[in-house]
Protein chains: 2
Amino acid sequence: MAARERVTIREVAARAGVSPATVSRVLSGNYPVPPATRTRVLKAARSLDYVANVHARALVGGGRSMVAVILRQVTNPFYAQVAEGVEAEASDHGRLCLVGSTGGDTRREMELVQLMREEGASLVILVGGIVEDDAYRARVTRYAHALQGAGSRLVLCGRPSSDPALPAIVVEFDNEAGAHALTSHLVSAGHRRIVFLGGLPGNSALDARVAGYRAALTAHGLADEDAHVIDCGLGRGAGHRAMTELLTRRTDFTAVFAGDDMVAAGALRAIADAGLRVPDDISVVGYNDIPLAQDFNPPLTTVRTPAEELGRAAVRLALRDSEKLSAPVHHVLGTHIVVRDSVGPPAPHREARSTGGITPHDSATASDRPALPAAP
Amino acid sequence: MAARERVTIREVAARAGVSPATVSRVLSGNYPVPPATRTRVLKAARSLDYVANVHARALVGGGRSMVAVILRQVTNPFYAQVAEGVEAEASDHGRLCLVGSTGGDTRREMELVQLMREEGASLVILVGGIVEDDAYRARVTRYAHALQGAGSRLVLCGRPSSDPALPAIVVEFDNEAGAHALTSHLVSAGHRRIVFLGGLPGNSALDARVAGYRAALTAHGLADEDAHVIDCGLGRGAGHRAMTELLTRRTDFTAVFAGDDMVAAGALRAIADAGLRVPDDISVVGYNDIPLAQDFNPPLTTVRTPAEELGRAAVRLALRDSEKLSAPVHHVLGTHIVVRDSVGPPAPHREARSTGGITPHDSATASDRPALPAAP
DNA sequence: ATGAAAGCGCTAACAT
DNA sequence: ATGTTAGCGCTTTCAT
């Protein structure tokens, strides 16, 4: 089949015996047209399989604008949920939604923002914390102004604004409070030696969790030297590697605070591989409560960050003060702990800093595991 | 800062002291322009933060080309992986990639395809099997032709073509073979009463798995009445509900073939909730080998469908015979079983169709569970 | 009630 | 080497 030319409004007009203007009026539906001609035009359009050209329409100001989400990777369940929330809310507002992923590459992020700007997206939503440096912050500032100049609006989702005066909407969680609560939960269960697995210096979300973890430790009268942060970054693989390594080096911690649920997944596997059990030997907690966290072994205690709601809030807020160019909006969503089965009382044999009280589980390696050092 | 109007090519021209045509030539780069003016124009454009209007550009014929993925939902790990593969391969080819999700709504799918076509996507990739009916098939045919007419190309990813003559590329798995192998694995372990949980009549991928399951049963000398398919659809929730219900009704099956890993996740939870253990009491297998399947309790035996490679293949194939409009391409990717810990020998007390041999686990409900009926 | 005409921002002949 | 002109397909005044 040959690629016949696209049928235009003019052909429909000819077929219906009216002018293009009339066809436009019928199709746009924003102008009263007598039922008689209306029907005639509609029939002509249908018989020709006419579809309006969005470019022409957009050019002249008619086109529906869409909302764009830009995130690191779609395979991360948390990001995916945020995207789904954005999608849902956008759909409720009759907007189409597109998601682009950067793979952590700032160049690609820049291209994507640019592309969205070109397409005339009315909303560009940047999701998730990246590792920020000054150059990056400067770029976000440029995005915000450029987008505003083009009549659209930037939303920072799940991360703080680098500059409160930025013409951007920010929607995020209180990661510090969440981490504080989760750490307290661990302390309440009796844990004193808790390692934070998955720090990522420069990433605002992780930095906040680490801060909450440290603050909670202090609040419970533990010395700062009891804090131990392993900056292995995020992801299941990173969690698995770091935990495996930690297990061969130390024996005196009783709980692990994973930077997020994927890190927790890797850590759980590493612990199982080492022949230890959760929570009998070591307690583990995660962060985000991804849908499959309840299917881990054991079901994971974690903090629920309503990802989908984050996405929904982003577009709701942005659309609400649409065209108003009001003062920068800042919205913080609450989180709460979800208690499942990965936390128990500390294992007595792991509490002491000496290597006394060895069990069959770690007898093979316990003797060459040094105690936790003070934080740097 | 007020939202000044979008800067146009004319303003850049004025700033650089040249005509719009010259600016266009410089920016499009497809016409020799002296370095002197070239630099001047570029500087003017940059200082004005000029971005070309894609709509105007597309209207007149010069659209950039990007690749678009359209899938049901990004939160499904399998789909997300396919999208990531597409993204990666597109990126390798210097293309930008956008993903749109339909939420299973065919109207939204249509809008998205339309949008992509209008936006000048050179590749539109439809991922995953939907429930197909004649109207839907007709629509896909229209997509294919419309896209071809617009110089782009349609790729059907993870589902068969409704019509072999369609100007579309199809890349998929041999679901029937995979399901056959997996069912055989179960039979080899000694299972005779295996229920298929998660049928979705009309969905080509699931229908193929059911067919493979039935064929394997027959091949191993089991009567067709040993087949038992529960059409509960896909998703963790559906799997959980259906499994819970099944557990209260029947007692004589020893293994469950879940339609995909998410269904398996729900089934595992339901089994655990009922106080039964996997694989001691019941064996469970899934399909797709999503990244977290290894973190289930127990780690799930499933068939690995290389999702990312599926996505990569889709764009590689499509880009390879780009502009060639050659004969329809059909590509089938291999799959293989990944054996983990969710399959064991059948539990003796569940094998008999009578209610003899009760164990503490199911003694409470076993007496009112009827035997599996023959398939309809 | 409906047509004619004027662009939207851009590119591609066609001029110079 | 660069400016001028004519649309791309559509919507929207402004006429009729």
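Labels below follow one simple rule: chain letters A, B, ... track the order of the sequence lines, proteins then strands, and each chain is numbered from 1.
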Please tabulate, for the side chains in residues 20-28 of chain B, all donor-acceptor contacts under 3.5 angstrom to protein atoms that are two or more places apart in sequence or on a different chain.
unit_1: B:T22; atom_1: OG1; unit_2: B:S19; atom_2: OG; d: 3.4
unit_1: B:S28; atom_1: OG; unit_2: B:S24; atom_2: O; d: 3.0

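The CG-P distance, from B:N53 to D:dC8, rounds to 18 Å in whole Å. Remark: C1' of D:dT11 and CG of A:L27 are 12 Å apart, rounded to the nearest angstrom. In this entry the distance linking CZ of B:R10 with C1' of C:dG9 reads 7 Å, nearest Å. What separates CG of B:L59 from C1' of C:dT11 is a distance of 10 Å, to the nearest Å. Between B:H55 atom NE2 and C:dG7 atom C1' the separation is 17 Å, expressed in whole Å.
Of the options B:L166, B:V113, B:I70, a side-chain contact (heavy atoms from CB on, under 4.5 Å) to B:Y143 is made by B:V113 and by none of the others. Checking A:I169, A:L156, A:T141 one by one against A:S161, the side-chain contact (heavy atoms from CB on, under 4.5 Å) holds for a single residue, A:L156.
With hydrogens and angles disregarded, no donor-acceptor distance shorter than 3.5 Å links the side chain of B:Q81 to the backbone of B:F78. No donor-acceptor distance shorter than 3.5 angstrom exists from the side chain of A:S91 to the backbone of A:E87, with no hydrogens or angles considered.
Phosphate contact (OP1/OP2 of D:dG3, side-chain N/O of B:T22, threshold under 4.0 Å): present. For D:dT11, the OP1/OP2 oxygens have a side-chain nitrogen or oxygen of A:S28 closer than 4.0 Å. For the pair B:R57 and C:dG9, the criterion of a side-chain N or O lying under 4.0 Å from OP1 or OP2 is not met. Between C:dA4 and A:S19, no contact under 4.0 Å exists linking OP1 or OP2 to a side-chain N or O. Note on A:S24: every side-chain N or O is 4.0 Å or more away from OP1 and OP2 of D:dT12.
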What pairs of nitrogen or oxygen atoms, one from the protein and one from nucleotides 14-16 of chain D, lie under 3.5 Å apart?
none

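Summary of the strand contacts: A:A21 and B:I9 both lie near DNA chain C, and taking for each the nucleotide with the nearest heavy atom, the more 5' one is attributed to A:A21.
For the helix from C:dA1-D:dT16 to C:dT16-D:dA1, the axis fitted to the five pairs at one end and the axis fitted to the five pairs at the other end meet at an angle of 40° (nearest 10 degrees).
Considering only the side chain of A:V60, C:dC8 comes nearest among C:dC8, C:dT2, D:dG3.
Ionic pairing of A:R316 and A:E309 is present here: one or more N-O contacts between side-chain nitrogen and carboxylate oxygen are shorter than 4.0 angstrom.
What you find for A:R15 and A:A44 is that their closest heavy atoms are CG-CB, 3.7 Å. Between A:R159 and A:S204, the shortest heavy-atom distance links the atoms CB-OG, 3.9 Å. Contact detail for B:V127 and B:Y79: the closest heavy-atom pair is CG1-CD2, 3.9 Å.
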